[in-house]
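Data block below; observations after.
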Amino acid sequence: MTEMLLAVQQPFDFQECLVFLSRSKQEVLHVTTPDTVRKLMRIGERLILVELQGEQGHIRVVFPVDDVSEMEMESIERGVRDWLDLDRDLTPFEAMGAEDELLAPLIEAHRGLRMIGFPDLFEALTWAIIGQQITLSFAYTIKRRFVERYGEQRVVEGRTYWTFPRAERIASLEPEALRELQFSRRKAEYIIDIAQEITGETLSKSALQSQSSTDIRQRLLAIRGVGEWTADYVLMKCFQDASAFPIADVGLHQAIQHQLGTAKKPTIEEVRRYGESWQGWEGYATFYLWRSLYGNV
DNA sequence: GGCCAGGCTAGCA
DNA sequence: TGCTAGCATGGC
């Protein structure tokens with residue numbers, strides 16, 4: 001069995017990342033145990049099962065059932081590093097947050113947690129749009145139906161692992177096909193449009209990655225179905241922009257209310273004021289505040 | 001059973 | 001530029 005060891009700069013805590021990855025029992029795109037996570041990754045045309053284990057400042061990557069070439073391992077390492085934001089130095093974030101009334105207790109409690117995302121642009125946009133204006137729980141239900149109908153699967157040791165549907169597969173659908181899965185008519189249209197743009201390469205992560213956050217944001221906002229919240233969410237979760245700030249997010253508002261123990265949720269203006277002291281780390285602050293909503297899992 | 005969900009668009013002033 | 005109805009249905 002081939003494997004590799006990825007070094008990660010401190011502070012880093014694999015267990016904290018695992019807790020986040022375990023937050024929904026309905027998740028279909030990875031499978032966690034108390035000390036591992038498994039994910040089916042598309043590398044070229046292959047579907048490779050990848051398992052991650054924590055190991056003192058490292059992540060051990062093992063391949064339970066596959067032989068993996070050097071080139072494939074490089075892609076997998078890139079994918080894992082992007083997924084778990086491993087190339088980030090969190091020291092400045094911790095220094096910034098040490099005196100912050102909202103962040104200090106969260107940084108203390110979850111030291112080493114990384115901003116876990118979705119390296120695939122189609123997945124990030126689709127998940128964000130599914131999640132608009134519905135409960136997370138319902139969003140997971142819809143995502144599961146979508147993945148189980150249009151994704152690809154491999155069964156290993158009696159367990160089914162799934163990949164997110166490819167844009168190519170979705171581009172040719174009619175909205176009615178997604179309506180069956182309880183997407184709203186509008187969301188069905190948005191997602192099919194996005195699939196067509198990605199397939200036609202008028203929208204591509206690699207092309208956008210070289211641009212500034214401002215330009216990426218503008219490009220995302222030009223997509224039907226993508227407003228400010230979605231653009232900032234995708235900047236955070238797909239483009240690893242630690243300063244992206246989905247300021248109107250209800251989960252963020254709930255978390256702030258909860259941390260402060262106030263009777264009401266903060267206004268947008270109040271959230272904006274908190275954000276002013278997080279300069280450059282608004283995305284991480286938001287992510288840690290989201291984390292506070294999941295209890296100790 | 002009513003209100004709220006990890007919002008956005010189109011239409012209007 | 002700013003405001004609002006409508007979307008669409010589950011969860012609590």
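Quick note on labels: first sequence line is chain A, next is B, and so on, each numbered from 1. Predicted, not measured: the structure shown is a model, and the values here were computed from it.
Closest approach to the A:Thr230 side chain among C:dG10, B:dT9, B:dC8 is made by B:dC8 (side chain taken as heavy atoms from C-beta onward). Ranking C:dA8, B:dT9, B:dA5 by closeness to the A:Ser184 side chain, first place goes to C:dA8. Comparing atom distances between the A:Arg186 side chain and each of C:dA8, C:dG6, C:dG10 picks out C:dG6 as nearest.
A:Phe183 comes within contact range of no nucleotide atom at all, as no heavy-atom separation falls under 4.0 Å. At the heavy-atom level, A:Ile142 lies nowhere under 4.0 Å from the strands shown. Nucleic acid contact class of A:Gln133 (heavy atoms, under 4.0 Å, all strands): base. Backbone-only engagement by A:Lys265 is indicated by non-hydrogen atom pairs under 4.0 Å involving sugar-phosphate atoms exclusively.
Going from atom CD1 of A:Ile134 over to atom C1' of C:dG6 covers 16 Å, rounded to whole Å. Rounding to whole angstrom units, CH2 of residue A:Trp290 and C1' of B:dG6 are separated by 6 Å. Put simply, CG on A:Leu136 is 14 Å from C1' on C:dC12, counting in whole angstrom units. Following rounding to the nearest Å, A:Lys187 (NZ) and B:dC8 (P) show an atom-to-atom distance of 10 Å. Rounded to an integer number of Å, the gap from A:Arg144 CZ to C:dG10 C1' is 13 Å. Residue A:Leu293 contributes atom CG, which lies 13 Å from atom C1' of B:dA5 at whole-angstrom precision. Rounded to whole angstrom, the span from the CD atom of A:Glu228 across to the P atom of C:dG2 amounts to 11 Å. Between the C1' atom of B:dG7 and the CG atom of A:Leu125 lies a distance of 14 Å, rounded to the nearest Å.
A:Gln53 is not listed as a side-chain neighbour of A:Ile59, based on a closest heavy-atom distance of 4.5 Å or more.
Put simply, A:Ser137 has a side-chain N or O that comes within less than 4.0 Å of OP1 or OP2 on C:dG11.
Between the CD1 atom of A:Ile216 and the CD atom of A:Gln218 there is a distance of 11.5 Å, given to the nearest 0.5 Å. The CD1 atom of A:Ile191 sits 11.0 Å away from the CH2 atom of A:Trp127 when rounded to the nearest 0.5 Å.
In terms of position on DNA chain B, the residue among A:Gly131 and A:Val226 whose nearest nucleotide sits closer to the 5' end is A:Gly131. The 5' end of DNA chain B is approached more closely, in terms of each residue's nearest nucleotide, by A:Ala128 than by the other of A:Ala128 and A:Leu221.
Under 3.5 Å, the side chain of A:Arg224 and the base of B:dG7 form no donor-acceptor pair of N or O atoms.
Nucleotides C:dG10 and B:dT9 place their P atoms 24 Å apart, quoted to the nearest Å. A distance of about 22 Å separates the P atoms of B:dG6 and C:dA5, rounded to the whole Å.
A salt bridge does not link A:Glu74 with A:Arg78: every distance from a Lys NZ or Arg NE/NH1/NH2 to an Asp or Glu carboxylate oxygen is 4.0 Å or more. Ionic pairing of A:Arg179 and A:Glu174 is not present here: no N-O contact between side-chain nitrogen and carboxylate oxygen is shorter than 4.0 angstrom.
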